[in-house]
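Naming convention: chains lettered A, B, ... in sequence-line order (proteins, then strands); numbering from 1 in each chain. All values reported here derive from a predicted model rather than from experimental measurement.
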2 protein chains.
Amino acid sequence: MKKIKISDISKEYKNTDLSSNMEDYIEAIAMLSERNRIVRVKDIAGKLNIKMPSVTAALSKLKEVNLIEYEKYGFIELTGEGKRIAERICQRHFCLKDFFQIILLLSSEEAEDVACKLEHDISPEACRQIHKFLDFYNTEENLNRDWTKRLKNILSQ
Amino acid sequence: MKKIKISDISKEYKNTDLSSNMEDYIEAIAMLSERNRIVRVKDIAGKLNIKMPSVTAALSKLKEVNLIEYEKYGFIELTGEGKRIAERICQRHFCLKDFFQIILLLSSEEAEDVACKLEHDISPEACRQIHKFLDFYNTEENLNRDWTKRLKNILSQ
DNA sequence: TGACATAATTAGGAAAAACTAATATTATTA
DNA sequence: TAATAATATTAGTTTTTCCTAATTATGTCA
């Protein structure tokens, strides 16, 4: 079970000024570059379930606004600003995923799916409240409160 | 404070197979026809913050798929199927709004905004869990449980 | 190293949604 | 009822995002 620290409350869950789509590309690049040493057009296409030409087009736009560095047929890397934005998107993603998985007891996959969809539209304020809730819940749960058991019971039905 | 009945759990929060946009049009028409006896293109445009020609185009599509009845320069009305779909969208909307307002203590306006955005992307399963949670919370709250006070305290900070 | 496979790009197009400007219809009221 | 105001529609664009087919570049291995 993921533990969320009080200090994490400092997260602001700021908006990015990007379209949902562009956020998806940034997020995919960030996640892929954590796993693999290089990120390929094909990988991004695979992750987002689209064809390569769509990726190429998106990369041009992201390069245009200085969120990635790349040359034709070359490497794909987030710039500093790209990384900062990826961080924001991922924070919202994980906040939502934790909430749906830990509190609402959706399966990991279902929670992942929901997070992927909602992360683009949830407001920073709403995300901060969810974060506080998670924080509260984890503390209470550690104390083995009765209400969390009753809640789990109801949510499992 | 809105009270949610156990029986409401029967809500399925099914998907609609419409784009977010089309869902917005259907929802707007449903809400407007509750208040006014007739629904005008101008009203829909006002509610959705877009211009009239965009509405006209959307109405053609909705008519095409038999979700509304209307003739040029005439009345706009949801068909039976249109109403059933509007009902689904509104159920998700109010479920989300209640959650963000009652549990997470967002202002009514902020909760409304968030609900409007998320209602198109949240999965039925996730919505059902939120519903159960609301139900649980209302019961617990009625018993004036200590944990709801602690939670409110934290969320108000 | 040359042939073949893999990966990436370009070119061209389609669908969804929105817009402005121009036109047409309906409603109001003097 | 004729003139004006309010509404609605059409025509024509734009932007975003995706696609297929064709081409180009890169990488591999016999």
Side-chain angles (χ1 to χ4, degrees), chain A residues 15-29 32-33 35-78 82 85 89 116-121, chain B residues 15-29 32-33 35-78 82 85 89 116-121:
Chain A
N15 287 327
T16 67
D17 297 335
L18 295 175
S19 68
S20 297
N21 257 286
M22 289 300 131
E23 285 192 355
D24 277 334
Y25 282 109
I26 290 285
E27 190 181 13
I29 294 168
L32 287 168
S33 54
R35 306 214 173 290
N36 321 331
R37 61 195 187 306
I38 61 161
V39 178
R40 296 211 281 327
V41 170
K42 192 194 160 201
D43 300 329
I44 300 172
K47 185 151 185 77
L48 298 179
N49 245 295
I50 56 180
K51 299 297 160 69
M52 288 199 290
S54 306
V55 176
T56 302
L59 293 180
S60 297
K61 288 188 195 164
L62 291 174
K63 184 183 178 176
E64 198 62 37
V65 293
N66 290 306
L67 295 179
I68 62 169
E69 281 179 61
Y70 101 117
E71 302 305 326
K72 268 169 204 167
Y73 299 101
F75 297 127
I76 300 163
E77 262 187 314
L78 293 172
I85 286 181
I89 299 166
C116 271
K117 286 182 183 160
L118 302 191
E119 69 192 12
H120 306 297
D121 291 314
Chain B
N15 287 327
T16 68
D17 296 336
L18 295 176
S19 68
S20 299
N21 257 285
M22 290 300 130
E23 286 191 355
D24 277 334
Y25 283 107
I26 290 285
E27 189 181 13
I29 294 168
L32 287 167
S33 55
R35 307 215 174 289
N36 320 330
R37 61 197 186 306
I38 61 161
V39 178
R40 295 210 284 323
V41 170
K42 193 196 160 200
D43 300 330
I44 300 172
K47 185 152 185 77
L48 299 180
N49 244 295
I50 57 180
K51 299 297 160 68
M52 288 197 290
S54 307
V55 175
T56 303
L59 294 180
S60 298
K61 288 187 198 167
L62 291 173
K63 184 184 176 175
E64 197 62 34
V65 294
N66 291 306
L67 296 179
I68 62 170
E69 280 179 62
Y70 101 117
E71 302 305 327
K72 269 169 206 171
Y73 299 100
F75 297 127
I76 300 163
E77 263 187 314
L78 293 173
I85 286 181
I89 299 166
C116 272
K117 287 182 183 161
L118 302 191
E119 70 192 10
H120 307 297
D121 292 314

Among all residues two or more places apart in sequence or in another chain, which pass the side-chain contact (heavy atoms from CB on, under 4.5 Å) test with [X]?
X: B:Leu48; result: B:Asp24, B:Tyr25, B:Ala28, B:Ile44, B:Ile50
X: B:Ser60; result: B:Tyr70
X: B:Asp17; result: none
X: A:Ser19; result: A:Asn21, A:Met22

What side chain to side chain donor-acceptor pair (under 3.5 Å) pairs are there with at least one residue in residues 38-47 of chain A, not counting sequence neighbours?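 Side chain to side chain donor-acceptor pair (under 3.5 Å) check on residues 38-47 of chain A returns A:Arg40-A:Asp43.
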Members of residues 38-53 of chain B that approach DNA chain D, where some heavy atom sits under 4.0 Å away: B:Arg40, B:Val41, B:Lys42, B:Met52, B:Pro53
Hey, can you pull the residues of residues 20-29 of chain B with a non-hydrogen atom under 4.0 angstrom from DNA chain D? none
Minimum heavy-atom distance B:Ile76-B:Val39, with the two atoms named: CD1-O, 3.6 Å
Students should find this one: the first and last nucleotides of DNA chain D, 5' to 3', lying under 4.0 Å from a heavy atom of chain B. What are they?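 Contact boundaries, 5' end first: D:dT7 to D:dT10.
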Considering residues at least two apart in sequence or located in another chain, which fulfil the side-chain hydrogen bond (donor to acceptor under 3.5 Å, both in side chains) criterion with B:Ser33?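 Residues passing side-chain hydrogen bond (donor to acceptor under 3.5 Å, both in side chains) with B:Ser33: none at all.
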side-chain hydrogen bond (donor to acceptor under 3.5 Å, both in side chains) against A:Glu23, all qualifying residues, sequence neighbours excluded: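 Testing A:Glu23 for side-chain hydrogen bond (donor to acceptor under 3.5 Å, both in side chains), a comparison that skips the adjacent residues, returns A:Thr16, A:Arg92, A:His120.
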Tell me the salt bridge (charged side-chain N to carboxylate O under 4.0 Å, His left out) pairs involving residues 52-69 of chain B, sequence neighbours left out?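 Listed by first then second residue: B:Lys63-B:Glu71.
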Which whole-number value in Å describes the distance from B:Leu18 CG to C:dA16 P? 12 Å
What is the distance from atom CD1 of B:Ile68 to atom CZ of B:Phe75, rounded to the nearest 0.5 Å?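 B:Ile68 atom CD1 to B:Phe75 atom CZ measures 14.0 Å (nearest 0.5 Å).
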So how far is it from A:Asn15 CG to A:Asp121 CG, rounded to the nearest 0.5 Å?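 Spacing of CG (A:Asn15) from CG (A:Asp121) equals 9.5 Å.
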Check whether any side-chain heavy atom of A:Leu59 lies under 4.5 Å from a side-chain heavy atom of A:Ile29, and answer yes or no.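 Of all side-chain heavy-atom pairs linking A:Ile29 with A:Leu59, at least one is under 4.5 Å.
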Looking at residues 54-72 of chain B, who's got a heavy atom less than 4.0 Å off DNA chain C?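 Correct list: B:Ser54, B:Lys61.
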